[in-house]
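Notes to accompany the following structure.
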Amino acid sequence: MTERYYLTTPIYYVNARPHLGHAYSTIVCDAIARRKRALRVETWFLTGTDEHGQKIERSAKKAGSTPEEFAAKISAEFSESWKRLGLAPDDFIRTTEERHHRGVQKLFKELKDRGYIYKGHYTGQYCVSDEAYVEGEPGAICPDCGRLTETVKEENYFFKLSAFEKPLLDLYERRPDFIAPESTRREVLSFVRGGLKDLSVSRTSFTWGIPVPGDEKHVIYVWLDALANYITALGYGSDDAASLEKFKNFWPANVHLIGKEISRFHCVYWPAFLMAAGIALPGQVRANGWLLFDHTKMSKSRGNVVRAESVAEVLGVDALRYFLLREIPFGQDGSFTFDALVQRYNGDLANGYGNLVSRVVNMMHKFFAGVVPEAGKPTEAEETLRAKATAVIPEFNRCFDNFDFSGALKVLWSLVADVDGYLTATAPWKKPEGRSDAEQAALQARVLATAAEAIRIITALVYPVLPASADIVWRQLGQGEIAGAAKDNFLSGIIWGGLKPGTKFGEPAPLFPRAEKDAVTRMEQLEAENNKSAVEAVGGPIEMDEVKTAPAEVQKKVAEAAPAAEVKSAAPVPTAPAVPASATATASAPAATTPAAVPAGQPAAEEKTFITIDDFSKVELRVAQIIVAERIPKADKLLRLEVDLGDEKRQILAGIAQYYEPEKLIGRKIIIVANLAPRTMRGLVSHGMLLAASLEGGVPVLAGFHEEVPLGARLK
Ligand code: ME8
């Protein structure tokens, strides 16, 4: 029987442009799909866009567009971005497509006909950003994203989710690998053990969605709509035999790969819907961790996003793929920084694999006119290398197929290092005195044939991660086009000895040129330019939230339009500049911090203004501890803090809500400007200001201490 493999990414919301977080999940699936195809497994890799719901309807309105036009535009940005990045899904589904519409209505009808959907009234809280129902009173904050929920009072259809509490718990018990990793499984388990209530699966207060069949004033709840993509894309709901055949062949999916924040929808709602409809369950829901940028989850609403294209343009797509898969242990959160990326690139790709290939290919041309010689009788060194490569193959496979991409690449790169070491030890480019020409030729033949064979194995294994670069190397090794070889099952039977004597090498070609010092600056510039044009785009689809943490130039523009105290990054406070938004306290910055007037035509940078120690001593900086931190309804930037100064407690409002989870701030020791004139914001009085470093894009990092310091201590 043909082995088949179906894997999916989440379908992405079209309320904002694609960023590296989306690319991460899609790249992981692309690498898995490429490996499966190379193993001759019949593979189907699906991605797409999630286009309905209140959030999209509102975003479209904000952009002055119809939901249809708006969704089409951003959906195209996703599919074009994937093309530019060389990602090759087998299908890209849009939830606005007719095939999906039909399938979702069929699923709804099926659930209703089987008695799992009934009509009722919903009164409760709803988070539009997460499109999720939230427990709580009016004014409740969404526990997932921290935004204020809205009160919904509607006639709705309900799905009998409560009936699936036991079947779901049985499922998790019977199939422990249904949810991975373990941390996500535990979270889901505790959620379901907490009890399941019936779920509202239709809305009536807006229209951008798929109508409930037979009751068109209801639109189907966007998560029921979205989750169904995994089956509608395969033809579920179609009358067409060929489409249905695909459903028959590929469903159930082997893996739904998702970000961990949407595990409840995939591990609770989705299997419950499927069980209720009598449809087989997927093999596994596997969550990737979050890609962090500047310490927080990269996300459109936080605005701390990087585009994959900026990296691809400077270092190439393969560098990005390698970095994401090698640097971040899959399933865990991982930081993305341009510096770490360049370091990995230079270390592992330019100086590692790339340099190794170039040395061997060049020597093969130099010493053997590019034709692989007979290796001759192996010595202990060749036997050792061969044994190492032979051991690396199953270890790489085991790690990769277990979603431990980082482990797989690590073990493969230990082989790269060993081949490098072998070359250095045997030094085929050197001819010591006393060695005959014949001995020298034999050594060169043995070493180069052996090293080239090791490179062939490394390249075949790494192909799913570095498809474009592996193709270049494959040709240099005289093996032709790698995609063709992949179709011929070059992976499952890979063993030492595949590079035959007499094989004609291709011409040397550059692989990973060393990244120079300016690579980071270039990527940052590309990001800044892109963000600038995104912000300036009239009616552009970018969310308002994104403007808040746009790049430095945009921040500066915002700052220039704000009161003097907001432009305090020039303030000569010795430890760190103030948090921009919390600095919206009245313009109480000491007069001396205002930059001196610069005569026209003279570069401002050369002018330095100094303050005296007396000026500085006017600023009362003190150590405080956060004892209460909470969001303020309808103020998405501000947090309300209560801080303890030892001898007094105060309320301070700080513009850090987008960067810090309130509960994580409790107990933290910080530095405050204690003698700033009080200021009222949102009806609350702020008695002071926090200090923080202001990073690129205005992202704040709170100043603190490594040693124990008593509360109230003065900074001098
Ligand atoms: O949730 N790190 O869409 P979405 C890692 N439409 N992965 C990230 C990430 C980050 N910083 N940011 C985004 C939705 N992702 C729904 C899904 S599925 C039936 C409906 C990836 O546009 C990750 O896979 O908010 C995450 O789950 C997904 O993008 C969320 O995309």
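Whatever order the structure lists them in is the order used to number ligands and atoms, beginning at 1.
Between F323 and Y345, a ring centre-to-centre spacing not shorter than 6.0 Å is recorded. A ring-centre distance under 6.0 Å is found for F159 and F164.
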Going by atom type alone, with no hydrogens or angles, which donor-acceptor pairs under 3.5 Å involve a side-chain atom of residues 81-89 and a protein atom two or more places apart or on another chain?
{"unit_1": "S81", "atom_1": "OG", "unit_2": "E309", "atom_2": "OE2", "d": "2.8"}
{"unit_1": "R84", "atom_1": "NE", "unit_2": "E309", "atom_2": "OE2", "d": "3.0"}
{"unit_1": "R84", "atom_1": "NH2", "unit_2": "E309", "atom_2": "OE2", "d": "2.7"}

Pair up each side-chain donor or acceptor in residues 259-267 with any protein partner under 3.5 Å, not counting sequence neighbours, and list the distances.
{"unit_1": "K260", "atom_1": "NZ", "unit_2": "D333", "atom_2": "OD1", "d": "2.9"}
{"unit_1": "K260", "atom_1": "NZ", "unit_2": "D333", "atom_2": "OD2", "d": "3.2"}
{"unit_1": "E261", "atom_1": "OE1", "unit_2": "W290", "atom_2": "NE1", "d": "2.9"}
{"unit_1": "S263", "atom_1": "OG", "unit_2": "K260", "atom_2": "O", "d": "3.1"}
{"unit_1": "R264", "atom_1": "NH2", "unit_2": "D144", "atom_2": "OD2", "d": "3.0"}
{"unit_1": "H266", "atom_1": "ND1", "unit_2": "I262", "atom_2": "O", "d": "3.0"}
{"unit_1": "H266", "atom_1": "NE2", "unit_2": "Y230", "atom_2": "OH", "d": "2.7"}

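With sequence neighbours excluded, no residue satisfies ring pair (Phe, Tyr, Trp, His ring centres under 6.0 Å) with Y660.
A salt bridge links D91 with R99: at least one charged nitrogen is closer than 4.0 Å to a carboxylate oxygen.
Protein residues are said to neighbour a ligand when one of their heavy atoms lies under 4.0 Å from it; for ligand 1 these are P10, I11, Y12, Y13, H19, G21, H22, Y24, S25, D50, W223, A226, L227, N229, Y230, I258, G259, E261, I262, H266, N288, G289, W290, L291, K297, M298, K300.
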